Q: 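First, the structure itself, so that you have it in front of you.
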Amino acid sequence: MNTQIIKITENHMESEIEEAAEIIRGGGLVAFPTETVYGLGGNALNPGASADIYAAKGRPSDNPLIVHVADFESVYKITKEAGDTARILAEAFWPGPLTMILPKSDIVPKETTGGLDTVAIRMPNHPVALELIRRSGGYIAAPSANVSGRPSPTTAQHVVEDMDGRIPAIIDAGPVGIGIESTIVDLTGEEVQILRPGYITPDDLSRVLGRRVSIDPALTQVDKDVAPKAPGMKYRHYAPRAQMILIEGDAREVAAYIGEKALEAESGGKRCGILCADDTAGSYHASCVLSLGEREDEAAIARHLFAALRSFDEQGVDVIYSECFNGGGIGEAVMNRLLKAAAHQVIKL
Ligand code: AMP
Ligand code: MG
């Protein structure tokens, strides 16, 4: 299949997006930008389109897709019930990086929800995504546009690397703004629960709702017997090809330890990658030292993460040592992605 790149320039947005929408209305797939990462979109109400999304990504079929909408009215059509909590959260955070899980209505096929009776819904904050959704019929199922297991794409070039020849079209509207996937909240239970940490933090949510928001315990326990409630969270993900090890502890000790390990690896003939922040980047000597930005600038750290993980692959490193980026807020989401990329290999100093 020949993959067409549809480039969006300010002056020519509508006709280009209409071209992409026509593909989706016809049952085809189009990769498109959102503010979080690039998505691989198809008509969410068309079981065939959803099946094609799983095939293009090589995604396990029990891992449900997020349905993207362009207005809140659409939520009523694809859910059995959307109560006050959904409305309040949408008013506060939509369009934006928040995905809500609600009981699905009959028009949403099980192919889209991975066999579940619930559906994940989000309104993205990106003009191209919103226009595409409106012109495509209102409901676009879209997981991140990477091959399953690879880091999520934050530029159209990343999508080309993974999807060229597999889908009819990719919309290129430049790099995304946030760079880490949406926060997922489950609204089907007694309490509001976070199933995947993201740019919107637990504090942001409880401030708006005026009550505590819990976090799926499976996310913080390494206990292999507790399955996370978001099926996708159980898979190794975001992973560079090289083995990756996170080093946790006092900042100076971490830098010294990583420096030593890098020296050891390189003198043993291995290419070593180091993932760090600006303040330590200058002190390391290794084949590939990548800084995510200033440590205090959590948004920058999140925005640069996936591109850095992809660069390690391009540089062909054999082993990667990474600093940790805990620290509340978005740091939580960054650490969640890093732990998965490292298959939970952490050395605590
Ligand atoms: P992606 O779109 O690739 O960022 O992945 C979507 C994430 O949302 C995966 O982790 C899914 O398991 C999760 N998800 C989607 N729909 C549901 C649902 N109905 N219930 C729980 N998790 C969901
Ligand atoms: Mg994904």
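Counting starts at 1 for both ligands and their atoms, following the listed order. Quantities reported herein were computed from a predicted structural model and do not represent experimental measurements. Keep in mind that the numbers below use all heavy atoms, side chains included, and drop hydrogens, waters and symmetry copies. Along the sequence shown, residues carry numbers from 1.
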Q: Quick test of your reading of the model: are Arg211 and Glu191 salt-bridged, counting only N-O distances below 4.0 Å?
A: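 Glu191 and Arg211: not salt-bridged.
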Q: Check Glu266, Lys270, Gln315 against Ser287 for a side-chain hydrogen bond (donor to acceptor under 3.5 Å, both in side chains) and give me the one that passes.
A: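 For Ser287, the side-chain hydrogen bond (donor to acceptor under 3.5 Å, both in side chains) check succeeds only for Glu266.
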Q: Is it the case that Thr36 and Ser182 place a side-chain donor and acceptor less than 3.5 Å from each other?
A: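 No pair is found: no donor N or O on one side chain lies under 3.5 Å from an acceptor on the other.
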Q: Examine Ser148 and say whether one of its N/O/S atoms is closer to the Mg ion (ligand 2) than 2.8 Å.
A: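 Not a single backbone or side-chain N, O or S atom of Ser148 is under 2.8 Å from the Mg ion (ligand 2).
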Q: With sequence neighbours left out, write down each residue that passes ring pair (Phe, Tyr, Trp, His ring centres under 6.0 Å) with Phe306, or none if nothing qualifies.
A: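 Expected list: Tyr238.
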Q: Is it true that Val37 and Ile167 fall in one hydrophobic cluster, defined by side-chain heavy atoms closer than 4.5 Å?
A: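 Shared cluster, no.
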Q: Any chance you could measure Thr188, atom OG1, to Lys104, atom NZ, to the nearest 0.5 Å?
A: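 Here the rounded value is 14.0 Å.
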Q: When you check ligand 1 against the protein, what N or O pairs turn up below 3.5 Å? List the atom names and distances, or just say none.
A:
unit_1, atom_1, unit_2, atom_2, d
ligand 1, 3 (O), Arg59, NH1, 3.0
ligand 1, 3 (O), Ser144, N, 3.3
ligand 1, 3 (O), Ser144, OG, 3.3
ligand 1, 4 (O), Arg196, NH1, 2.8
ligand 1, 5 (O), Arg59, NH2, 3.3
ligand 1, 12 (O), Asn63, OD1, 2.9
ligand 1, 12 (O), Pro231, N, 3.2
ligand 1, 12 (O), Gly232, N, 2.7
ligand 1, 19 (N), Thr118, O, 3.4
ligand 1, 19 (N), Thr118, OG1, 3.0

